[in-house]
Engineer: 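Structure in structure tokens, see below.
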Amino acid sequence: QGQLVESGGGLVQAGGSLRLSCAASIGTSRTYAMGWFRQAPGKEREFVCAISRSGGSTSCKDSVKGRFAISKDNAKNTVYLQMNRLKPEDTAVYYCAARAGSGTMVVHTTYSEYDYWGQGTQVTVSS
């Protein structure tokens, strides 16, 4: 049974920064393709950023490019989401996701491609 544990959410003023972390513990595989999704009240869960199993490829949605950055530490099985210049529209519950079987440079950007999910962490950006 896989487990993903997120941390780092909170309340921040517009223009501020937060760093989300997600530690993965999934079977015997030590590296995973991972991603961050978010869900605002009344809206569907949407893709934010993703990183390949090796960490060599990344992708982010257009509205966060230049503000958010995803990275991972394979030795710690942990993925990070650095969020800068936050906006009120970034307010949502942020979810970490992991996929155990993946090419080393493949990035997965859709909900259905992931096998494991964290419990979510709230990010609130005040104006």
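Reckoned from all heavy atoms, side chains included, excluding hydrogens, waters and symmetry mates. Predicted, not measured: the structure shown is a model, and the values here were computed from it.
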Engineer: Show your working on side chain to side chain contact (heavy atoms under 4.5 Å, CB included) between V79 and W36 and close with a plain yes or no.
Structural biologist: CA-CA 9 Å; V79 64; W36 288 96; 3.9 Å; yes
Engineer: Scan residues 88-106 for pairs that pass salt bridge (Lys or Arg N to Asp or Glu O under 4.0 Å), counting only residues two or more places apart or in two chains.
Structural biologist: R38-D90, R67-D90
Engineer: Can you sort out the partners of S63 under side-chain hydrogen bond (donor to acceptor under 3.5 Å, both in side chains), two or more places apart, ordered by chain and number?
Structural biologist: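 Expected list: none.
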Engineer: Name all pairs fulfilling the disulfide bond (SG atoms under 2.5 Å apart) condition that reach into residues 71-127, sequence neighbours left out, sorted by first residue then second.
Structural biologist: C22-C96
Engineer: In Å and rounded to the nearest 0.5 Å, what is the OG1 to CZ distance from T31 to R53?
Structural biologist: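 It is 4.5 Å, given to the nearest 0.5 Å.
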Engineer: Indicate the atoms forming the closest heavy-atom contact of Y114 with A33, along with that distance.
Structural biologist: CE2-O, 3.8 Å
Engineer: Considering only heavy atoms from C-beta outward, does the side chain of I51 approach that of V107 to under 4.5 Å?
Structural biologist: no
Engineer: Taking only residues two or more places apart in sequence, or in another chain, which ones meet K87 in a salt bridge (Lys or Arg N to Asp or Glu O under 4.0 Å)?
Structural biologist: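 In terms of salt bridge (Lys or Arg N to Asp or Glu O under 4.0 Å), with neighbours along the sequence ignored, K87 is linked to no residue.
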Engineer: Please give me the minimum heavy-atom distance between Y32 and A24, naming the atom from each residue.
Structural biologist: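 The answer is CE1-CB, 3.9 Å.
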Engineer: Testing the basics here: between S59 and T109, what is the closest heavy-atom pair and its distance to 0.1 Å?
Structural biologist: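 S59 and T109 have their closest heavy atoms at OG-CG2, 4.1 Å.
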Engineer: Contact between L20 and T121 at the side-chain level, heavy atoms closer than 4.5 Å - yes or no?
Structural biologist: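 A side-chain contact under 4.5 Å exists here.
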Engineer: Take T91 and V123, measure what side chain to side chain contact (heavy atoms under 4.5 Å, CB included) needs, and give me the verdict at the end.
Structural biologist: CA-CA 5 Å; T91 295; V123 172; 5.9 Å; no
Engineer: Would you check if M34 and Y116 make a side-chain contact, meaning some heavy-atom pair closer than 4.5 Å?
Structural biologist: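 M34 vs Y116: side chains apart.
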Engineer: So, using side-chain contact (heavy atoms from CB on, under 4.5 Å) as the criterion, who are the partners of A14 when residues are at least two apart?
Structural biologist: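 Testing A14 for side-chain contact (heavy atoms from CB on, under 4.5 Å), a comparison that skips the adjacent residues, returns P88, V125.
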Engineer: Considering only residues two or more places apart or on different chains, which pairs with a residue in residues 41-63 satisfy ring pair (Phe, Tyr, Trp, His ring centres under 6.0 Å)?
Structural biologist: F37-F47
Engineer: Using the test side-chain hydrogen bond (donor to acceptor under 3.5 Å, both in side chains), find all partners of D73 that sit at least two apart in sequence or belong to another chain.
Structural biologist: none
Engineer: Can a donor-acceptor pair be found, under 3.5 Å and without considering hydrogens, that links the side chain of E6 to the backbone of G120?
Structural biologist: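 Checked: pair present.
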Engineer: Taking the side chain as C-beta and beyond, is there a heavy-atom pair between S102 and H108 under 4.5 Å?
Structural biologist: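 Heavy-atom side-chain distance check passes, below 4.5 Å.
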Engineer: Can you list every ring pair (Phe, Tyr, Trp, His ring centres under 6.0 Å) pair that touches residues 56-98, not counting sequence neighbours?
Structural biologist: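 Sorted pair list comes back empty.
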Engineer: Tell me which pairs pass disulfide bond (SG atoms under 2.5 Å apart) where either residue lies in residues 39-81, with sequence neighbours left out.
Structural biologist: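 Disulfide bond (SG atoms under 2.5 Å apart) check on residues 39-81 returns C49-C60.
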Engineer: For Q119 and V5, indicate whether the former's side chain and the latter's backbone hold a donor-acceptor pair under 3.5 Å.
Structural biologist: no
Engineer: What pairs with T110 under side-chain contact (heavy atoms from CB on, under 4.5 Å), at least two apart in sequence or on another chain?
Structural biologist: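 Partners of T110 by the side-chain contact (heavy atoms from CB on, under 4.5 Å) criterion, ordered by chain and then number, come out as S112, E113.
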Engineer: Which residues satisfy the side-chain hydrogen bond (donor to acceptor under 3.5 Å, both in side chains) test with S54, sequence neighbours excluded?
Structural biologist: S52
Engineer: Only counting residues at least two apart or in another chain, list the ones meeting side-chain hydrogen bond (donor to acceptor under 3.5 Å, both in side chains) with T124.
Structural biologist: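 Only Q122 meet the side-chain hydrogen bond (donor to acceptor under 3.5 Å, both in side chains) criterion with T124.
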